[in-house]
Amino acid sequence: MKTEMPLSKPIRHFLNKTEELLDTQISLLREPEAEPGGTLVDCYTYDIDHNVIIFPAQYVGLLKDFIIAKHCTNLMIKGAASKKGEYKVCSYTEDTVARGLRQIYLDALKDEVNKRDKLPVQKLIQMLFILFTHFNDDLNELPWNAIINASVYHRMPKIRKTQLYHVMKESKNDMDEMMEQEDIVPRRYFVLNKAMFYARDMFLAKTLPADELMPVLNIPQMKKFNHLEVKEMLTTRWTHTAWYQSKVFGDNMLEIIEKPLNQVNWSAEPSLDYYYDLYKIGFNLTNQLISYMTMKDWYVWEKPKHLLTAHDNKEEYEKKALRKIFGDLISDSWEESS
Amino acid sequence: MTVKEAVELLRKGFSYAKRTKYKEAMSYYDKSLTHDPKNPEAWYLRASLLIDTGRSKEALVDCDKAIALDQNYAPAWSKKGLAYYNLEQFKEGLFASTRASSLNGNDVSAWYLKGVCLDELGRSDEAQEAYGKSLELEIILDIENEKKKVGR
(Lines give C-alpha, C1' and ligand atoms only; values in the text may rest on other atoms or scores of the structure.)
Protein backbone atom coordinates (compact mmCIF):
# COMPACT_ATOMS: atom_id res chain seq x y z
CA MET A 1 0.00 0.00 0.00
CA LYS A 2 1.53 3.24 -1.12
CA THR A 3 -0.26 6.48 -0.44
CA GLU A 4 0.58 10.14 -0.08
CA MET A 5 -2.35 10.80 2.23
CA PRO A 6 -1.92 10.82 5.98
CA LEU A 7 -3.46 7.93 7.87
CA SER A 8 -3.82 7.45 11.60
CA LYS A 9 -1.59 4.80 13.10
CA PRO A 10 -4.17 2.03 13.70
CA ILE A 11 -5.52 2.37 10.17
CA ARG A 12 -2.07 2.22 8.63
CA HIS A 13 -1.28 -0.89 10.64
CA PHE A 14 -4.58 -2.49 9.74
CA LEU A 15 -4.06 -1.84 6.02
CA ASN A 16 -0.56 -3.30 6.17
CA LYS A 17 -1.76 -6.32 8.12
CA THR A 18 -4.58 -6.94 5.65
CA GLU A 19 -2.21 -6.80 2.70
CA GLU A 20 0.17 -9.15 4.45
CA LEU A 21 -2.45 -11.72 5.51
CA LEU A 22 -4.22 -11.75 2.17
CA ASP A 23 -1.06 -11.32 0.12
CA THR A 24 -2.73 -8.59 -1.87
CA GLN A 25 -2.51 -4.87 -2.57
CA ILE A 26 -4.87 -2.10 -1.52
CA SER A 27 -5.10 1.34 -3.13
CA LEU A 28 -6.91 4.31 -1.66
CA LEU A 29 -8.80 6.59 -3.99
CA ARG A 30 -10.42 9.96 -3.31
CA GLU A 31 -13.43 10.65 -5.52
CA PRO A 32 -15.53 13.82 -5.34
CA GLU A 33 -18.66 11.87 -6.28
CA ALA A 34 -18.01 8.76 -4.18
CA GLU A 35 -20.80 7.23 -2.09
CA PRO A 36 -20.90 8.71 1.43
CA GLY A 37 -20.16 5.25 2.83
CA GLY A 38 -17.33 4.67 0.35
CA THR A 39 -16.99 1.68 -1.96
CA LEU A 40 -14.82 -1.39 -1.98
CA VAL A 41 -13.79 -2.73 -5.37
CA ASP A 42 -12.10 -6.02 -4.55
CA CYS A 43 -10.37 -8.81 -6.41
CA TYR A 44 -12.58 -11.44 -4.73
CA THR A 45 -15.63 -10.01 -6.47
CA TYR A 46 -14.28 -8.49 -9.67
CA ASP A 47 -11.71 -9.69 -12.15
CA ILE A 48 -8.98 -7.25 -11.06
CA ASP A 49 -5.50 -7.70 -9.66
CA HIS A 50 -5.66 -5.37 -6.67
CA ASN A 51 -8.22 -3.83 -4.35
CA VAL A 52 -9.41 -0.24 -4.25
CA ILE A 53 -11.14 1.57 -1.42
CA ILE A 54 -12.91 4.65 -2.75
CA PHE A 55 -14.10 7.40 -0.44
CA PRO A 56 -15.52 10.93 -0.78
CA ALA A 57 -12.84 13.52 -1.53
CA GLN A 58 -14.06 15.82 1.24
CA TYR A 59 -13.26 13.19 3.88
CA VAL A 60 -9.73 14.09 4.88
CA GLY A 61 -9.54 13.06 8.51
CA LEU A 62 -11.11 10.44 10.73
CA LEU A 63 -14.20 10.03 8.54
CA LYS A 64 -11.86 8.79 5.82
CA ASP A 65 -10.14 6.50 8.35
CA PHE A 66 -13.43 4.96 9.43
CA ILE A 67 -14.46 4.25 5.83
CA ILE A 68 -11.10 2.59 5.25
CA ALA A 69 -11.40 0.53 8.44
CA LYS A 70 -14.88 -0.62 7.49
CA HIS A 71 -13.99 -1.66 3.95
CA CYS A 72 -10.72 -3.19 5.02
CA THR A 73 -12.59 -5.41 7.50
CA ASN A 74 -14.98 -6.39 4.73
CA LEU A 75 -12.01 -7.19 2.50
CA MET A 76 -10.48 -9.35 5.25
CA ILE A 77 -13.73 -11.32 5.56
CA LYS A 78 -14.04 -11.81 1.81
CA GLY A 79 -10.35 -12.65 1.41
CA ALA A 80 -10.31 -15.09 4.32
CA ALA A 81 -13.38 -16.84 2.89
CA SER A 82 -11.68 -17.10 -0.50
CA LYS A 83 -8.47 -18.43 0.95
CA LYS A 84 -9.89 -20.79 3.54
CA GLY A 85 -12.94 -22.04 1.73
CA GLU A 86 -15.11 -20.42 -0.85
CA TYR A 87 -16.43 -16.87 -0.87
CA LYS A 88 -20.08 -16.83 -1.85
CA VAL A 89 -22.80 -14.21 -2.03
CA CYS A 90 -26.56 -14.27 -2.14
CA SER A 91 -27.46 -14.47 -5.83
CA TYR A 92 -30.51 -15.35 -7.90
CA THR A 93 -31.45 -17.36 -10.96
CA GLU A 94 -34.26 -17.32 -13.47
CA ASP A 95 -36.21 -19.84 -11.35
CA THR A 96 -35.68 -18.16 -8.00
CA VAL A 97 -36.75 -14.83 -9.47
CA ALA A 98 -40.00 -16.44 -10.62
CA ARG A 99 -40.63 -17.86 -7.14
CA GLY A 100 -39.86 -14.57 -5.43
CA LEU A 101 -41.97 -12.49 -7.77
CA ARG A 102 -44.91 -14.86 -7.46
CA GLN A 103 -44.81 -14.59 -3.66
CA ILE A 104 -44.56 -10.80 -3.72
CA TYR A 105 -47.43 -10.65 -6.20
CA LEU A 106 -49.67 -12.81 -4.01
CA ASP A 107 -48.87 -10.67 -0.97
CA ALA A 108 -49.49 -7.51 -2.95
CA LEU A 109 -52.88 -8.81 -4.05
CA LYS A 110 -53.88 -9.39 -0.43
CA ASP A 111 -52.99 -5.79 0.35
CA GLU A 112 -54.75 -4.41 -2.68
CA VAL A 113 -58.08 -5.93 -1.61
CA ASN A 114 -58.22 -3.60 1.39
CA LYS A 115 -56.93 -0.51 -0.36
CA ARG A 116 -59.22 2.33 -1.30
CA ASP A 117 -56.82 3.64 -3.93
CA LYS A 118 -55.75 0.64 -5.93
CA LEU A 119 -52.33 0.57 -7.48
CA PRO A 120 -52.42 0.57 -11.30
CA VAL A 121 -51.66 -2.97 -12.51
CA GLN A 122 -48.65 -1.88 -14.52
CA LYS A 123 -47.08 -0.22 -11.51
CA LEU A 124 -47.80 -3.23 -9.34
CA ILE A 125 -46.08 -5.52 -11.83
CA GLN A 126 -43.07 -3.23 -12.11
CA MET A 127 -42.74 -3.15 -8.34
CA LEU A 128 -42.30 -6.94 -8.04
CA PHE A 129 -38.77 -7.21 -9.37
CA ILE A 130 -37.69 -3.94 -7.80
CA LEU A 131 -38.63 -5.33 -4.38
CA PHE A 132 -37.01 -8.66 -5.13
CA THR A 133 -33.64 -7.09 -5.97
CA HIS A 134 -33.98 -4.64 -3.12
CA PHE A 135 -34.08 -7.49 -0.62
CA ASN A 136 -31.22 -9.20 -2.41
CA ASP A 137 -29.09 -6.07 -2.02
CA ASP A 138 -30.05 -5.66 1.63
CA LEU A 139 -29.32 -9.28 2.47
CA ASN A 140 -25.90 -8.98 0.88
CA GLU A 141 -25.17 -5.88 2.90
CA LEU A 142 -26.99 -5.72 6.20
CA PRO A 143 -25.74 -8.75 8.19
CA TRP A 144 -22.17 -7.92 7.17
CA ASN A 145 -22.67 -4.31 8.15
CA ALA A 146 -23.50 -5.38 11.72
CA ILE A 147 -20.47 -7.70 11.88
CA ILE A 148 -18.08 -5.16 10.37
CA ASN A 149 -19.22 -2.35 12.65
CA ALA A 150 -18.88 -4.53 15.73
CA SER A 151 -15.41 -5.61 14.64
CA VAL A 152 -14.22 -2.05 13.94
CA TYR A 153 -15.67 -0.87 17.24
CA HIS A 154 -13.75 -3.46 19.26
CA ARG A 155 -10.52 -3.28 17.30
CA MET A 156 -10.16 0.48 16.85
CA PRO A 157 -11.15 2.38 19.95
CA LYS A 158 -9.59 5.58 18.61
CA ILE A 159 -12.19 6.00 15.91
CA ARG A 160 -15.28 5.16 17.96
CA LYS A 161 -16.71 8.68 17.94
CA THR A 162 -16.30 8.84 14.19
CA GLN A 163 -17.98 5.48 13.88
CA LEU A 164 -20.91 6.61 15.98
CA TYR A 165 -21.47 9.63 13.74
CA HIS A 166 -21.23 7.50 10.63
CA VAL A 167 -23.55 4.80 11.94
CA MET A 168 -26.12 7.42 12.95
CA LYS A 169 -26.01 8.95 9.49
CA GLU A 170 -26.24 5.59 7.75
CA SER A 171 -29.08 4.52 10.01
CA LYS A 172 -31.09 7.61 9.19
CA ASN A 173 -30.60 7.12 5.46
CA ASP A 174 -31.57 3.44 5.67
CA MET A 175 -34.69 4.21 7.63
CA ASP A 176 -35.69 6.93 5.15
CA GLU A 177 -35.43 4.40 2.34
CA MET A 178 -38.79 3.25 0.93
CA MET A 179 -40.63 5.91 2.93
CA GLU A 180 -42.07 7.54 -0.15
CA GLN A 181 -43.34 4.16 -1.30
CA GLU A 182 -44.92 3.21 2.03
CA ASP A 183 -48.42 3.22 0.54
CA ILE A 184 -47.39 1.33 -2.56
CA VAL A 185 -45.14 -1.42 -1.21
CA PRO A 186 -47.02 -4.42 0.21
CA ARG A 187 -47.18 -4.05 3.98
CA ARG A 188 -45.29 -7.27 4.64
CA TYR A 189 -42.24 -6.09 2.70
CA PHE A 190 -42.26 -2.60 4.07
CA VAL A 191 -42.35 -4.06 7.58
CA LEU A 192 -39.61 -6.62 6.91
CA ASN A 193 -37.34 -4.05 5.35
CA LYS A 194 -37.73 -1.62 8.23
CA ALA A 195 -37.45 -4.46 10.74
CA MET A 196 -34.08 -5.56 9.32
CA PHE A 197 -32.62 -2.08 9.71
CA TYR A 198 -34.25 -1.63 13.08
CA ALA A 199 -32.66 -4.88 14.30
CA ARG A 200 -29.24 -3.91 12.99
CA ASP A 201 -29.46 -0.50 14.64
CA MET A 202 -30.62 -1.98 17.93
CA PHE A 203 -27.72 -4.42 17.82
CA LEU A 204 -25.27 -1.60 17.15
CA ALA A 205 -26.91 0.53 19.84
CA LYS A 206 -26.12 -2.25 22.30
CA THR A 207 -22.62 -2.77 20.90
CA LEU A 208 -21.60 0.87 20.69
CA PRO A 209 -22.14 1.91 24.29
CA ALA A 210 -23.41 5.37 23.54
CA ASP A 211 -27.07 6.05 24.00
CA GLU A 212 -27.26 8.39 21.03
CA LEU A 213 -27.93 5.51 18.68
CA MET A 214 -31.42 4.52 19.72
CA PRO A 215 -33.70 3.84 16.78
CA VAL A 216 -36.76 4.04 18.98
CA LEU A 217 -35.85 7.62 19.84
CA ASN A 218 -34.21 8.73 16.63
CA ILE A 219 -36.87 7.71 14.17
CA PRO A 220 -39.96 9.89 14.49
CA GLN A 221 -42.32 7.06 13.59
CA MET A 222 -40.82 4.88 16.33
CA LYS A 223 -41.02 7.45 19.10
CA LYS A 224 -44.55 6.59 20.08
CA PHE A 225 -43.48 3.04 20.89
CA ASN A 226 -40.93 4.08 23.45
CA HIS A 227 -41.81 2.96 26.98
CA LEU A 228 -45.12 1.67 25.77
CA GLU A 229 -46.66 -1.05 27.88
CA VAL A 230 -47.61 -4.32 26.27
CA LYS A 231 -51.27 -3.86 27.07
CA GLU A 232 -51.22 -0.43 25.56
CA MET A 233 -49.47 -1.75 22.48
CA LEU A 234 -51.99 -4.47 21.97
CA THR A 235 -55.02 -2.33 22.43
CA THR A 236 -54.22 0.91 20.72
CA ARG A 237 -54.55 1.86 17.12
CA TRP A 238 -50.80 1.51 16.81
CA THR A 239 -51.09 -2.22 16.61
CA HIS A 240 -52.29 -1.62 13.08
CA THR A 241 -49.43 0.52 11.90
CA ALA A 242 -46.53 -0.74 9.81
CA TRP A 243 -44.14 0.87 12.28
CA TYR A 244 -45.51 -1.06 15.21
CA GLN A 245 -45.16 -4.26 13.22
CA SER A 246 -41.64 -3.27 12.23
CA LYS A 247 -40.73 -3.02 15.87
CA VAL A 248 -42.19 -6.42 16.70
CA PHE A 249 -40.51 -8.13 13.75
CA GLY A 250 -37.37 -6.10 14.37
CA ASP A 251 -37.15 -7.33 17.95
CA ASN A 252 -37.31 -10.90 16.69
CA MET A 253 -34.62 -10.20 14.12
CA LEU A 254 -32.50 -8.60 16.80
CA GLU A 255 -32.54 -11.91 18.65
CA ILE A 256 -31.41 -13.65 15.46
CA ILE A 257 -28.54 -11.19 15.05
CA GLU A 258 -27.53 -11.07 18.70
CA LYS A 259 -27.34 -14.78 19.31
CA PRO A 260 -24.29 -15.56 17.15
CA LEU A 261 -22.64 -12.15 17.40
CA ASN A 262 -22.69 -12.03 21.18
CA GLN A 263 -20.55 -15.16 21.18
CA VAL A 264 -17.77 -13.68 19.06
CA ASN A 265 -14.51 -12.90 20.81
CA TRP A 266 -13.96 -9.57 19.08
CA SER A 267 -10.50 -9.08 20.51
CA ALA A 268 -9.10 -12.45 19.43
CA GLU A 269 -5.91 -12.58 17.33
CA PRO A 270 -6.92 -11.16 13.90
CA SER A 271 -5.81 -14.11 11.78
CA LEU A 272 -7.20 -15.53 8.56
CA ASP A 273 -9.00 -18.18 10.62
CA TYR A 274 -10.60 -15.48 12.74
CA TYR A 275 -11.96 -13.60 9.73
CA TYR A 276 -13.07 -16.84 8.11
CA ASP A 277 -15.08 -17.57 11.24
CA LEU A 278 -16.69 -14.13 10.90
CA TYR A 279 -17.58 -15.00 7.32
CA LYS A 280 -19.23 -18.24 8.42
CA ILE A 281 -21.18 -16.38 11.08
CA GLY A 282 -22.36 -13.83 8.52
CA PHE A 283 -23.30 -16.62 6.12
CA ASN A 284 -25.41 -18.42 8.74
CA LEU A 285 -26.91 -15.18 9.99
CA THR A 286 -28.02 -14.26 6.47
CA ASN A 287 -29.61 -17.70 6.09
CA GLN A 288 -31.50 -17.27 9.34
CA LEU A 289 -32.82 -13.87 8.28
CA ILE A 290 -33.85 -15.35 4.93
CA SER A 291 -35.69 -18.16 6.73
CA TYR A 292 -37.37 -15.76 9.11
CA MET A 293 -38.63 -13.69 6.19
CA THR A 294 -39.71 -16.89 4.36
CA MET A 295 -37.58 -16.09 1.35
CA LYS A 296 -35.69 -19.37 1.43
CA ASP A 297 -36.30 -20.29 -2.20
CA TRP A 298 -35.74 -16.78 -3.53
CA TYR A 299 -31.97 -16.71 -3.41
CA VAL A 300 -29.01 -19.02 -3.90
CA TRP A 301 -25.46 -18.87 -2.53
CA GLU A 302 -23.09 -18.58 -5.42
CA LYS A 303 -19.72 -17.11 -6.34
CA PRO A 304 -19.72 -13.31 -6.80
CA LYS A 305 -19.39 -13.75 -10.56
CA HIS A 306 -22.77 -15.49 -10.58
CA LEU A 307 -24.40 -12.44 -9.02
CA LEU A 308 -22.70 -10.10 -11.50
CA THR A 309 -24.03 -12.23 -14.36
CA ALA A 310 -27.47 -12.28 -12.75
CA HIS A 311 -27.42 -8.47 -12.63
CA ASP A 312 -26.48 -8.40 -16.30
CA ASN A 313 -29.39 -10.69 -17.12
CA LYS A 314 -31.94 -9.18 -14.81
CA GLU A 315 -34.23 -7.80 -17.49
CA GLU A 316 -34.38 -11.23 -19.08
CA TYR A 317 -35.04 -12.94 -15.74
CA GLU A 318 -37.79 -10.47 -14.92
CA LYS A 319 -39.47 -10.92 -18.28
CA LYS A 320 -39.41 -14.72 -18.04
CA ALA A 321 -40.64 -14.69 -14.45
CA LEU A 322 -43.56 -12.44 -15.35
CA ARG A 323 -44.46 -14.71 -18.23
CA LYS A 324 -44.43 -17.68 -15.85
CA ILE A 325 -46.77 -15.91 -13.45
CA PHE A 326 -49.11 -14.12 -15.81
CA GLY A 327 -48.73 -16.13 -19.01
CA ASP A 328 -50.11 -14.32 -22.03
CA LEU A 329 -51.69 -11.67 -19.83
CA ILE A 330 -48.34 -9.93 -19.99
CA SER A 331 -48.55 -8.26 -23.32
CA ASP A 332 -45.58 -7.56 -25.52
CA SER A 333 -46.51 -3.91 -25.43
CA TRP A 334 -46.07 -3.82 -21.64
CA GLU A 335 -42.74 -5.58 -21.92
CA GLU A 336 -41.66 -3.08 -24.51
CA SER A 337 -42.78 -0.13 -22.44
CA SER A 338 -41.10 -1.38 -19.26
CA MET B 1 2.32 38.68 -18.98
CA THR B 2 0.17 40.31 -16.32
CA VAL B 3 -0.48 39.01 -12.81
CA LYS B 4 -4.02 38.30 -13.89
CA GLU B 5 -2.79 36.06 -16.69
CA ALA B 6 -0.47 34.22 -14.29
CA VAL B 7 -3.46 33.57 -12.02
CA GLU B 8 -5.38 32.24 -15.00
CA LEU B 9 -2.55 29.78 -15.65
CA LEU B 10 -2.83 28.64 -12.04
CA ARG B 11 -6.54 28.11 -12.42
CA LYS B 12 -5.98 25.97 -15.51
CA GLY B 13 -3.29 23.99 -13.73
CA PHE B 14 -5.56 23.38 -10.76
CA SER B 15 -8.31 22.15 -13.03
CA TYR B 16 -5.89 19.58 -14.51
CA ALA B 17 -4.63 18.60 -11.07
CA LYS B 18 -8.19 17.89 -9.93
CA ARG B 19 -8.55 15.46 -12.80
CA THR B 20 -5.20 13.88 -11.83
CA LYS B 21 -3.61 15.12 -15.06
CA TYR B 22 -0.45 15.95 -13.18
CA LYS B 23 1.88 16.54 -16.10
CA GLU B 24 -0.34 19.21 -17.63
CA ALA B 25 -1.01 20.75 -14.22
CA MET B 26 2.71 21.00 -13.49
CA SER B 27 3.35 22.68 -16.82
CA TYR B 28 0.78 25.41 -16.06
CA TYR B 29 2.07 25.91 -12.52
CA ASP B 30 5.64 26.23 -13.78
CA LYS B 31 4.61 28.83 -16.36
CA SER B 32 2.67 30.80 -13.79
CA LEU B 33 5.60 30.80 -11.37
CA THR B 34 7.99 31.97 -14.07
CA HIS B 35 5.79 35.00 -14.68
CA ASP B 36 4.80 35.72 -11.10
CA PRO B 37 7.09 34.14 -8.51
CA LYS B 38 5.73 36.38 -5.79
CA ASN B 39 2.40 34.62 -5.45
CA PRO B 40 2.46 32.31 -2.40
CA GLU B 41 -0.59 30.45 -3.70
CA ALA B 42 1.32 29.35 -6.80
CA TRP B 43 4.14 27.85 -4.68
CA TYR B 44 1.57 26.21 -2.45
CA LEU B 45 -0.32 24.66 -5.38
CA ARG B 46 2.87 23.32 -6.89
CA ALA B 47 3.84 21.88 -3.50
CA SER B 48 0.45 20.09 -3.34
CA LEU B 49 1.05 18.62 -6.75
CA LEU B 50 4.55 17.51 -5.83
CA ILE B 51 3.17 15.74 -2.75
CA ASP B 52 0.45 14.06 -4.80
CA THR B 53 3.13 12.72 -7.12
CA GLY B 54 5.31 11.43 -4.30
CA ARG B 55 7.89 14.25 -4.35
CA SER B 56 7.56 15.45 -0.78
CA LYS B 57 11.16 16.61 -0.46
CA GLU B 58 10.76 19.02 -3.38
CA ALA B 59 7.39 20.08 -1.99
CA LEU B 60 9.11 21.27 1.19
CA VAL B 61 11.16 23.76 -0.85
CA ASP B 62 8.01 25.18 -2.46
CA CYS B 63 6.22 25.40 0.89
CA ASP B 64 9.13 27.35 2.31
CA LYS B 65 9.03 29.75 -0.65
CA ALA B 66 5.31 30.34 -0.06
CA ILE B 67 5.90 30.89 3.65
CA ALA B 68 8.80 33.26 2.94
CA LEU B 69 6.39 35.38 0.92
CA ASP B 70 3.68 35.23 3.56
CA GLN B 71 4.53 33.99 7.05
CA ASN B 72 0.84 33.61 7.89
CA TYR B 73 -0.19 31.65 4.83
CA ALA B 74 -1.93 28.75 6.60
CA PRO B 75 -2.38 26.36 3.60
CA ALA B 76 1.40 26.33 3.00
CA TRP B 77 2.05 25.44 6.65
CA SER B 78 -0.52 22.65 6.40
CA LYS B 79 1.08 21.28 3.24
CA LYS B 80 4.52 21.57 4.80
CA GLY B 81 3.26 19.43 7.68
CA LEU B 82 2.02 16.82 5.23
CA ALA B 83 5.35 16.77 3.37
CA TYR B 84 7.22 16.22 6.64
CA TYR B 85 4.75 13.47 7.61
CA ASN B 86 5.40 11.69 4.31
CA LEU B 87 9.12 11.95 4.97
CA GLU B 88 8.47 10.49 8.45
CA GLN B 89 9.82 13.64 10.12
CA PHE B 90 7.02 13.75 12.66
CA LYS B 91 8.48 16.43 14.96
CA GLU B 92 8.77 18.88 12.11
CA GLY B 93 5.36 17.76 10.82
CA LEU B 94 3.88 18.49 14.22
CA PHE B 95 5.41 21.97 14.30
CA ALA B 96 4.08 22.86 10.84
CA SER B 97 0.60 21.46 11.41
CA THR B 98 0.34 23.18 14.77
CA ARG B 99 1.24 26.47 13.10
CA ALA B 100 -1.35 25.79 10.37
CA SER B 101 -4.10 25.00 12.86
CA SER B 102 -3.40 28.12 14.88
CA LEU B 103 -3.48 30.30 11.77
CA ASN B 104 -6.67 28.67 10.57
CA GLY B 105 -8.63 26.96 13.32
CA ASN B 106 -11.06 25.52 10.77
CA ASP B 107 -8.50 23.55 8.80
CA VAL B 108 -9.59 19.92 9.23
CA SER B 109 -6.46 18.56 7.55
CA ALA B 110 -4.15 20.52 9.82
CA TRP B 111 -5.84 19.28 13.00
CA TYR B 112 -5.91 15.74 11.72
CA LEU B 113 -2.26 15.87 10.70
CA LYS B 114 -1.37 17.26 14.09
CA GLY B 115 -3.16 14.27 15.66
CA VAL B 116 -1.39 11.80 13.39
CA CYS B 117 2.05 13.30 14.13
CA LEU B 118 1.38 13.35 17.89
CA ASP B 119 0.25 9.73 17.68
CA GLU B 120 3.44 8.78 15.86
CA LEU B 121 5.47 10.56 18.53
CA GLY B 122 3.69 8.51 21.20
CA ARG B 123 1.78 11.51 22.61
CA SER B 124 -1.53 9.71 22.54
CA ASP B 125 -3.60 11.94 24.82
CA GLU B 126 -2.68 15.10 22.93
CA ALA B 127 -3.34 13.23 19.68
CA GLN B 128 -6.89 12.45 20.85
CA GLU B 129 -7.51 16.13 21.47
CA ALA B 130 -6.35 17.09 17.99
CA TYR B 131 -8.34 14.24 16.44
CA GLY B 132 -11.39 15.41 18.38
CA LYS B 133 -11.12 18.91 16.96
CA SER B 134 -10.56 17.58 13.45
CA LEU B 135 -13.60 15.29 13.72
CA GLU B 136 -15.78 18.09 15.01
CA LEU B 137 -14.91 20.24 11.99
CA GLU B 138 -15.23 17.35 9.55
CA ILE B 139 -18.71 16.53 10.83
CA ILE B 140 -19.80 20.17 10.50
CA LEU B 141 -18.56 20.20 6.90
CA ASP B 142 -20.23 16.87 6.19
CA ILE B 143 -23.57 18.08 7.51
CA GLU B 144 -23.27 21.25 5.40
CA ASN B 145 -22.50 19.14 2.34
CA GLU B 146 -25.53 16.94 2.97
CA LYS B 147 -27.72 20.02 3.26
CA LYS B 148 -26.38 21.34 -0.03
CA LYS B 149 -27.11 18.00 -1.70
CA VAL B 150 -30.70 18.03 -0.42
CA GLY B 151 -31.08 21.59 -1.67
CA ARG B 152 -29.81 20.69 -5.14
Side-chain angles (χ1 to χ4, degrees), chain A residues 1-16 27-38 52 54-69 156-174 176 179-180 210 212-213, chain B residues 18-20 22 47-56 59 78-79 81-88 90 93 97 101 107-125 127-128 130-146 148-150:
Chain A
M1 196 259 321
K2 202 180 173 314
T3 177
E4 299 306 322
M5 62 184 86
L7 295 168
S8 60
K9 222 173 174 180
I11 299 298
R12 200 155 42 83
H13 288 171
F14 188 35
L15 278 165
N16 290 337
S27 306
L28 304 175
L29 183 66
R30 276 184 208 288
E31 277 282 340
E33 297 299 321
E35 291 285 318
V52 188
I54 306 165
F55 55 89
Q58 71 270 21
Y59 290 0
V60 292
L62 292 172
L63 284 177
K64 166 201 74 188
D65 287 7
F66 173 69
I67 304 253
I68 294 171
M156 302 200 181
K158 283 185 181 170
I159 54 173
R160 282 180 183 171
K161 278 184 190 157
T162 320
Q163 178 173 24
L164 186 67
Y165 168 72
H166 200 275
V167 167
M168 290 280 296
K169 193 176 146 185
E170 202 175 34
S171 155
K172 193 189 170 306
N173 290 342
D174 289 337
D176 283 348
M179 283 306 297
E180 283 171 17
E212 284 121 297
L213 184 74
Chain B
K18 270 209 300 198
R19 286 175 279 149
T20 63
Y22 297 130
S48 305
L49 193 60
L50 287 166
I51 289 175
D52 286 345
T53 48
R55 294 154 69 185
S56 288
S78 188
K79 228 21 111 178
L82 180 56
Y84 273 129
Y85 166 83
N86 284 340
L87 296 167
E88 296 184 18
F90 303 120
S97 55
S101 58
D107 184 344
V108 183
S109 302
W111 283 106
Y112 174 72
L113 197 60
K114 186 177 172 178
V116 169
C117 289
L118 282 163
D119 218 358
E120 295 289 348
L121 292 167
R123 292 157 66 177
S124 200
D125 289 346
Q128 282 311 306
Y131 282 145
K133 185 71 189 164
S134 128
L135 179 62
E136 192 186 306
L137 292 166
E138 210 175 9
I139 288 176
I140 292 170
L141 286 176
D142 193 44
I143 292 170
E144 278 173 12
N145 267 332
E146 291 289 318
K148 269 186 214 161
K149 263 191 215 167
V150 173

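Residue numbering restarts at 1 for every chain, and letters A, B, ... go by the order of the sequence lines.
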Q: Give, as side chain, backbone, both or neither, the part of A/R12 having an atom under 4.5 angstrom from any heavy atom of chain B.
A: side chain
Q. Are B/D142 and A/Y59 side-chain neighbours, meaning at least one heavy-atom pair lies under 4.5 Å?
A. yes
Q: Nearest 0.5 Å please: distance from the CG atom of B/L135 over to the NZ atom of A/K161.
A: 8.0 Å
Q. Is it the side chain or the backbone of A/K169 that comes within 4.5 Å of chain B heavy atoms, both, or neither?
A. side chain
Q. Where do B/Y112 and A/D65 come nearest, in terms of heavy atoms and distance?
A. OH-OD2, 2.6 Å
Q) With chain A, which of B/L82, B/V108, B/L113, B/T53 has the greatest number of heavy-atom pairs at distances under 4.5 Å? A) B/L82
**Q.** Part of B/Y131 lying under 4.5 Å from any heavy atom of chain A
**A.** both
Q. With only heavy atoms counted, which part of A/P157 is less than 4.5 Å from chain B, the side chain, the backbone, both or neither?
A. neither
Q) Is it the backbone or the side chain of B/T20 that comes under 4.5 Å from a heavy atom of chain A, or both, or neither? A) neither
Q. For A/P36, is it the side chain, the backbone, both or neither that has a heavy atom under 4.5 Å from a heavy atom of chain B?
A. side chain
Q.
Would you say that A/Y165 contacts B/E138 through its side chain, given a criterion of any heavy-atom pair below 4.5 Å between the two side chains?
A. no
(Q) On a heavy-atom basis, which atom in B/D119 and which in A/K9 lie closest, and how many Å separate them? (A) O-NZ, 3.5 Å
Q: Just give me the residue among B/D52, B/I139, B/L137 that pairs up with chain A most often, heavy atom to heavy atom, under 4.5 Å.
A: B/I139
Q.
Between B/I143 and chain A, with a heavy-atom cut-off of 4.5 Å, which part of the residue counts as in contact: side chain, backbone, both or neither?
A. both
**Q.** Distance in Å, A/L7 CG paired with B/Y85 OH, rounded so as to fall on 0.5 Å steps
**A.** 5.0 Å
Q) Under 4.5 Å between any side-chain heavy atoms of B/L141 and A/Q58, yes or no? A) no
